[in-house]
Amino acid sequence: MGDFKNLEVWKKASSLALDIYELGGSLRGHIDFSLRSQILRSAVSIPSNIVEGSAKRNDKEFVRYLRISLGSASELEHHLIFIKDLGSLPDEDFESLCKRLSEIRKMLNGLIDYLGGL
């Protein structure tokens with residue numbers, strides 16, 4: 001596929017992961033360590049799987065990793081809903097993060113379609 005750093009979806013997913021890491025730091029004391037860890041893990045998994053898949057030998061393998069990224073995006077959305085429902089994430093932050101996450105999922109689906117993965 002080429003250099004992952006040229007993929008707009010990777011750039012957006014990486015930026016979101018950085019922002020989720022900042023959010024994770026502000027959640028200390030509000031939620032337990034294991035939930036914080038899962039939120040951070042799922043956020044980093046999205047761009048990480050894009051990177052790993054882009055290094056594979058063919059598009060079919062790349063698509064497999066893009067689908068893993070989609071799963072991580074869904075997991076992250078659940079975590080965001082959960083911490084919002086706990087009262088640890090303001091509505092405005094929740095809406096902003098979910099909007100970005102939705103855009104990333106659309107981009108991932110578009111790339112999967114482009115690669116003939118559906």
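- With salt bridges taken as basic N to acidic carboxylate O contacts below 4.0 Å, one links R100 and D19.
- At least one side-chain heavy atom of E61 sits less than 4.5 Å from a side-chain heavy atom of R57.
- Residues L66 and V9 have side chains not in contact (no heavy-atom distance under 4.5 Å, counting atoms from C-beta outward).
- With contacts defined as side-chain heavy-atom distances shorter than 4.5 Å, the pair V44/Y21 qualifies.
- Minimum heavy-atom separation, A43 to P47: O-CD, 3.1 Å.
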F94 and I81: side-chain contact (heavy atoms from CB on, under 4.5 Å), yes or no, with the steps?
CA-CA 8 Å; F94 172 78; I81 291 168; 3.7 Å; yes
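- Looking only at distances, no side-chain donor or acceptor of D3 sits under 3.5 Å from a matching main-chain atom of N6.
- Remark: K56 is not positioned above the aromatic ring of F62, lacking an NZ or CZ atom under 6.0 angstrom from the ring centre and at most 45 degrees off the axis.
- Applying the salt bridge (Lys or Arg N to Asp or Glu O under 4.0 Å) test to every pair with at least one member in residues 40-49, sequence neighbours left out, gives these pairs: R41-E75.
- A pairwise comparison of heavy atoms in S42 and S72 identifies O-CB, 3.7 Å as the closest pair.
- Every residue two or more places apart in sequence or in another chain was checked for a ring pair (Phe, Tyr, Trp, His ring centres under 6.0 Å) with Y65, and none qualifies.
- Two residues are said to be in side-chain contact when any heavy atoms from C-beta on lie closer than 4.5 Å; L35 and L86 meet this criterion.
- Here the CG atom belonging to N49 is positioned 10.0 Å from the CG atom belonging to L108, to the nearest 0.5 angstrom.
- Considering only residues two or more places apart in sequence or on other chains, E77 meets the side chain to side chain donor-acceptor pair (under 3.5 Å) condition with R105.
- The side-chain heavy atoms of I68 and I46, taken from C-beta on, include no pair separated by under 4.5 Å.
- Between the side chain of D93 and the backbone N or O of L89, no donor-acceptor pair lies under 3.5 Å.
- For the pair L80 and L76, the minimum side-chain heavy-atom distance is below 4.5 Å.
- Interatomic distance, NZ of K106 versus NZ of K12, reported as 12.0 Å (0.5 Å rounding).
- To the nearest 0.5 angstrom, I104 atom CD1 is 13.5 Å from K11 atom NZ.
- Rounding to the nearest 0.5 Å gives a distance of 12.5 Å between CG of D91 and OG of S96.
- Here CG of L70 is found 5.0 Å from CG of N109. Values are rounded to the nearest 0.5 Å.
- The CG atom of L111 sits 14.5 Å away from atom CH2 of W10, with the distance rounded to the nearest 0.5 Å.
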